J.: 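The structure that follows is given in the form of structure tokens.
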Amino acid sequence: MPIPEDVTGEEIDKDVRQELQSLPKTLAEDVAKNLVMVARLIDEDPEGAYGYSRVALRLASRVAAVREAAGFAAYATQKYSEALAEFRAARRMTGSVELWPVMADCERGLGRPEKALDMAGAPEVHKLDKAGQVEMRLVAAGARRDMDQLDAAIVTLQSPELASNSVQPWTARLRYAYADALLAAGREGEAREWFAKAVEADRDGSTDASDRLAELEGVEFVDALDETDAESANDDQDDQGDDQGDQGDQEDDDKDDVED
């Protein structure tokens, strides 16, 4: 797959660059460039990212960072079985538990929420950092919802991290998930409160909490472009009506001339 000229491979994380040092220099550069493309495209063009990840995987399948990138690209395209296999391979290579929550979420994607819950109660969870533990809690709550256990999902999300007033990278998503679970359980008033709290924490717009809150409050947004298009269409109709009127007047004048 083509690599844009502005991609040098130097953009990758220093830890990944260090892993690639085990490869011949030219090969390492090619792999690095493909990994950069995976990171660049995974949000906007996951299929494109997946394509670059497959190239990197063919070039360096024994590099843990490559297996991890391939896993995330497969996950982004909902190829959960493939993603899980890549994450397991990366974990075997590194011995790290960092990927445990996303591995559990792959189990959800494969229709195995019970397995995801088993993983949420495994000893590996205690080895996760705070962000990883919050992510695991989100996955566990999602698994409960998959099993139509709404009350259990709500309880799962209730935690010191949810109650904290400090804003962390996970705060918006945690509050959003809690609000969404409350709404699904019919607790609309509480859901409105927590969607509002999610909006406060969502500084980079990672959720649609503001839209959900507006919907609950009965606020309807009008797209300015749609409104402009509608006005233009009305103007065109008015102009067409005027033209038809002018044509009718001309025909009447011509008829009078003939009669005279």
Side-chain angles (χ1 to χ4, degrees), residues 1-77 79-80 82-106 119 122-139 161 166-174 201-207:
M1 296 181 68
I3 303 289
E5 293 183 1
D6 65 315
V7 174
T8 65
E10 294 297 320
E11 301 90 339
I12 62 173
D13 183 82
K14 64 179 182 180
D15 292 334
V16 177
R17 190 180 301 115
Q18 186 172 356
E19 279 192 64
L20 296 180
Q21 288 179 356
S22 62
L23 303 174
K25 186 175 186 297
T26 302
L27 180 58
E29 290 174 353
D30 289 342
V31 173
K33 289 177 181 179
N34 280 281
L35 292 180
V36 170
M37 292 306 299
V38 173
R40 177 179 289 189
L41 297 177
I42 197 163
D43 292 328
E44 301 298 328
D45 180 13
E47 287 292 346
Y50 178 76
Y52 283 103
S53 77
R54 300 308 295 176
V55 175
L57 195 58
R58 286 198 300 271
L59 295 173
S61 62
R62 295 185 179 181
V63 176
V66 171
R67 304 303 290 265
E68 182 175 330
F72 278 111
Y75 178 82
T77 53
K79 297 177 176 67
Y80 297 116
E82 188 176 321
L84 185 57
E86 296 300 338
F87 289 142
R88 284 173 174 168
R91 182 168 180 266
R92 283 195 301 270
M93 292 175 178
T94 64
S96 171
V97 298
E98 183 180 348
L99 296 171
W100 196 253
V102 71
M103 289 169 62
D105 208 36
C106 285
M119 293 179 69
E124 284 82 355
V125 175
H126 300 295
K127 301 176 185 178
L128 294 168
D129 61 13
K130 182 63 68 176
Q133 290 179 4
V134 171
E135 193 66 34
M136 192 72 250
R137 189 178 292 277
L138 288 167
V139 173
E161 293 80 19
S166 66
V167 175
Q168 302 295 334
W170 59 76
T171 303
R173 291 178 58 237
L174 184 59
D202 194 2
R203 295 167 179 170
D204 58 359
S206 61
T207 73

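Since this is a predicted model, take the numbers as computed values, not measurements.
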J.: Just wondering, do Val31 and Val63 contact through their side chains at under 4.5 Å, heavy atoms?
T.: no
J.: Evaluate the side-chain proximity of Thr171 to Gln168: yes if any heavy-atom separation is below 4.5 Å, no if none is.
T.: yes
J.: Does Tyr52 reach the main-chain N or O of Pro2 with its side chain, forming a donor-acceptor pair under 3.5 Å?
T.: yes
J.: Using side chain to side chain contact (heavy atoms under 4.5 Å, CB included), reason through Leu57 and Glu86 one step at a time and then give a plain yes or no.
T.: CA-CA 10 Å; Leu57 195 58; Glu86 296 300 338; 3.6 Å; yes
J.: Please name the pair of heavy atoms, one in Leu35 and one in Ala69, separated by the smallest distance, quoted to 0.1 Å.
T.: CD2-CB, 3.7 Å
J.: If you round to the nearest 0.5 Å, how far is CD of Glu68 from OG of Ser53?
T.: 12.5 Å
J.: Using the side-chain hydrogen bond (donor to acceptor under 3.5 Å, both in side chains) rule, collect all pairs that involve residues 125-139, keeping only residues at least two apart or in two chains.
T.: Lys130-Glu161, Glu135-Arg173
J.: Keeping the roles fixed (side chain from Ser61, backbone from Arg58), state whether a donor-acceptor pair exists under 3.5 Å.
T.: no
J.: Any side-chain heavy atom of Glu19 within less than 4.5 Å of one from Met93?
T.: no
J.: Considering all heavy atoms of both residues, which atom of Thr8 and which atom of Lys33 are nearest to each other, and what is their separation?
T.: O-CE, 3.6 Å
J.: For a 4.5 angstrom cut-off between non-hydrogen side-chain atoms, does Val7 reach Arg40?
T.: yes
J.: Would a 4.5 Å heavy-atom cut-off, applied to side chains only, mark Glu10 and Arg17 as touching?
T.: yes
J.: How close do Ile12 and Gly9 get, heavy atom to heavy atom, and via which atoms?
T.: CG1-O, 3.3 Å
J.: What heavy-atom pair brings Asn34 and Asp30 nearest, and what distance separates the two atoms?
T.: ND2-O, 2.9 Å
J.: Considering all heavy atoms of both residues, which atom of Val167 and which atom of Ala201 are nearest to each other, and what is their separation?
T.: CG1-O, 3.9 Å
J.: Judged by atom type as modelled, is there a donor-acceptor pair below 3.5 Å linking the side chain of Arg91 to the main-chain atoms of Trp100?
T.: no
J.: So, does Arg67 use its side chain to make a donor-acceptor pair with the main chain of Arg62 at under 3.5 Å?
T.: no
J.: For Phe72 versus Val102, what's the shortest heavy-atom pair and its separation?
T.: CE2-CG2, 4.1 Å
J.: Between the main-chain N or O of Ala73 and the side-chain N or O of Thr77, is there a donor-acceptor pair closer than 3.5 Å?
T.: yes
J.: CD of Glu82 to CG of Leu84: how many Å apart, nearest 0.5 Å?
T.: 11.0 Å
J.: Flag the pair Glu47 / Asp45 as yes when at least one side-chain heavy-atom distance between them is below 4.5 Å, and no otherwise.
T.: yes
J.: Are Asp105 and Tyr80 close enough that some pair of their side-chain heavy atoms sits under 4.5 Å apart?
T.: no
